[in-house]
Amino acid sequence: MQLKINSPLDMHLHLRQDNMLKVVAPLSSKSFAGALVMPNTLPPVTTKEQVVAYKREITEAVDSDNFTSYMTLFFKNDYSYKFLEDIKDDILSIKLYPDGATTNSEGGVASFDIESLRETLEAMSDLNIPLNIHGETTGFVMDREAEFVPIYEQLATAFPNLKIIMEHITTKESAMALDRHKNLYATITLHHLFITLDDVAGGMLQPHLFCKPIAKRPEDREALLDLALNAHPKVMFGSDSAPHPKDKKEAPGCAAGVFTAPIALPLLAQLFEKHNKLENLQKFISDNAVKIYNIKPIDKEITLIKQSYTIPSKYNDIVPFMSNKRVEWKFK
Ligand code: DOR
Ligand code: ZN
């Protein structure tokens with residue numbers, strides 16, 4: 001049995017820099033036609049020169065594989081209309097992190113007072129630049145995303161022509177907010193479709209499943225499955241594949257992030273097949289993103305075959321999601 005996917009897209013990806021990038025970028029380009037590349041590098045991507053240089057670094061690492069890196073900028077509330085107009089053609093969107101919410105997010109937004117964000121968000125809205133948001137407050141870890149939903153709604157109401165993408169949603173509250181505002185969209189990761197907090201910390205602590213936002217309750221995962229398996233038109237796949245070296249994960253002060261890029265497609269095929277929803281996979285993993293972002297990805301057909309294999313224990317020094325576990329689909 002074979003499964004063909006046209007131009008799969010990963011609309012939320014961390015490619016890092018230097019040696020790490022050289023390891024992980026080719027693993028994404030093997031599976032995907034393109035990806036939205038997150039700007040939380042060191043230092044974060046905040047200038048046109050950095051966008052151009054980072055894109056070049058990615059292009060060189062993926063070598064001859066055809067792969068489009070859709071670039072993002074790290075949100076700052078002092079980007080002017082003129083600056084954004086000038087950088088518009090080099091980026092697909094701008095990613096907003098609350099200050100300190102996750103890996104390398106220092107210098108992100110410290111206050112969600114609408115007035116302090118207005119100049120930049122109005123310019124983005126006028127220039128048609130979508131806004132990606134890591135939506136978590138500084139509250140109790142299990143409540144951070146649900147507490148952020150009113151902020152999503154205030155922003156969606158204040159800037160009705162701004163496309164706002166709620167990144168890596170993990171809760172039923174976010175799922176419900178989607179249909180209340182025409183300009184709210186969402187990405188869902190692979191790991192949040194598979195795991196709950198029980199898998200992370202219900203038995204022995206599993207550092208390779210620790211990420212932000214933290215995995216939530218079974219009913220939250222059900223809400224995400226409902227959106228993804230039915231390919232809700234405002235929802236796209238975004239892996240949030242976030243590699244960290246093994247010694248930064250298996251450590252006190254474990255870094256947040258789950259590395260899924262190389263095995264995302266086989267595991268999604270397995271999940272959609274299990275739920276008898278394989279016919280919706282193409283939309284979740286490409287067509288919805290094409291419409292939401294109004295992009296034209298390169299033609300790239302990926303073929304999976306139904307043949308079980310064992311996920312590697314490591315890619316260099318990075319431990320992938322479900323390492324050493326069997327998966328039922330593989331790349332042809
Ligand atoms: O777990 C996470 N890791 N969540 C994020 O939002 C960022 C990411 C990273 O860059 O490591
Ligand atoms: Zn991320």
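All heavy atoms count here, side chains included; hydrogens, waters and symmetry mates do not. We count ligands from 1, going down the list as the structure has it; atoms in each ligand are counted the same way.
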- List the steps, then state whether salt bridge (Lys or Arg N to Asp or Glu O under 4.0 Å) holds for K172 with E219. CA-CA 7 Å; K172 57 182 186 326; E219 55 269 35; 5.0 Å; no
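- Not a single heavy atom of K95 sits under 4.0 Å from any atom of ligand 1.
- For the pairing with L3, the side chain to side chain contact (heavy atoms under 4.5 Å, CB included) check across L278, T303, I305, I302 returns one residue only, L278.
- One finds no salt bridge joining R144 and E147 here, because no Lys/Arg side-chain nitrogen approaches an Asp/Glu carboxylate oxygen to under 4.0 Å.
- Shortest contact from atom 4 (N) of ligand 1 to any protein heavy atom: K212 O, 2.8 Å.
- Considering backbone and side-chain N/O of V258, none are found under 3.5 Å from N/O of ligand 1.
- Between Y152 and L178 there is no side-chain heavy-atom pair separated by less than 4.5 Å.
- E328 approaches E273 most closely through the heavy-atom pair OE1-OE1, 4.2 Å.
- To the nearest 0.5 Å, atom OG1 of residue T170 and atom CD1 of residue I195 are 10.5 Å apart.
- Counting only protein N, O or S atoms, the number found under 2.8 Å from the Zn ion (ligand 2) is 3.
- Distances from ligand 1 to the non-hydrogen atoms of H244 include at least one value under 4.0 Å.
- Annotation: atom 7 (C) of ligand 1 to nearest protein heavy atom, T102 OG1, 3.2 Å.
- Set against the non-hydrogen atoms of C211, the atoms of ligand 1 under 4.0 Å away are 1 (O).
- F74 and Y97 have parallel rings, their planes meeting at less than 30° on a 0 to 90° scale where 60° marks the start of perpendicular.
- We find the CE-NE2 distance between M11 and H168 to be 14.0 Å, quoted to the nearest 0.5 Å.
- Taking every heavy atom of A242 and a limit of under 4.0 angstrom, the matching atoms of ligand 1 come to 3 (N), 8 (C), 9 (C), 11 (O).
- Taking all atoms of both residues into account, the shortest heavy-atom contact from A289 to I295 is O-CG1, 4.1 Å.
- Scanning the protein for heavy atoms near atom 3 (N) of ligand 1, the closest one is A256 O, 2.9 Å.
- Contacts between N40 and ligand 1, counted as non-hydrogen atom pairs separated by less than 4.0 Å, involve the side chain only.
- Counting heavy atoms under 4.0 Å from ligand 1, residue H12 does not touch it at all.
- Below 30°, between 30° and 60°, or above 60°: for Y79 and F83 the angle between ring planes is below 30°, a parallel geometry.
- Listed by number with element, the atoms of ligand 1 under 4.0 angstrom from any heavy atom of H134 are 6 (O).
- Aromatic pair F272/F284: centroids less than 6.0 angstrom apart.
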